[in-house]
Amino acid sequence: MRIDVAALEIGQVRRAAFDEVVDSKTEDLAFDTPVRGNVEVDRTAQTLRLKGHLATTAPLMCGRCLTQFRQDLAIAVEEEFLVGGSTAPREGALRPEDFVFPLGPDLVLDVTEAVRQHLLLAVPMVPVCRPDCRGLCPRCGKNLNAQDCGCEPVETIDPRLAPLRDLKDTRRE
Ligand SMILES: [Zn+2]
Ligand SMILES: [Zn+2]
């Protein structure tokens, strides 16, 4: 979706329903379901504000057990930027060229690109299929969610703390 901001009069608000499959433009990540929601652009003399609430679901790979699962993603977009004008931008204010969202000199705002970038930020760095995912056995590689493999657990306890653990085990008996 592209919105021609130049065509918006100052003080005018443009609301639109967003419903698109967004290309992630990122390897290993394919948004395959339409992103749906509402966006709103409002224009003042100096600024342009883009707001929106959108949601979709994306196929992700669990970082622990390496299976694919679907995760709901919800994003709130809120961006404000200057759209020029004759006065010099105030200190620290952002100009169209400062924005990562394409807002060309023609003042056509690429809403899809803004949504894409927010979606990428909403994807967890290490997606997990469920909070209690047990992951793969570090010894034999089996998916521990499906079955116990019977391997000895890998010793991850600091050897210096082992005496304490032994103590605890003894007490429990
Ligand atoms: Zn998992
Ligand atoms: Zn195992």
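Ligands are counted one by one from 1 in listed order, and the atoms in each one are counted from 1 as well.
Rounding to 10°, one obtains 110° for the angle at the Zn ion (ligand 1) between SG (C129) and SG (C65). Between C137 atom SG and C140 atom SG, the angle centred on the Zn ion (ligand 2) amounts to 110° (nearest 10°). Annotation: angle subtended at the Zn ion (ligand 2) by C149 SG and C151 SG is 110°, to 10°.
Remark: S24 OG to L29 CG distance equals 4.5 Å, nearest 0.5 Å.
Using a 4.0 Å cut-off between charged nitrogen and carboxylate oxygen, D148 and R134 count as a salt-bridge pair. Looking at E20 and R116, no side-chain N of the basic residue comes within less than 4.0 Å of a carboxylate O on the acidic one, giving no salt bridge.
Checking L50, T56, V35, D110 one by one against V115, the side-chain contact (heavy atoms from CB on, under 4.5 Å) holds for a single residue, V35.
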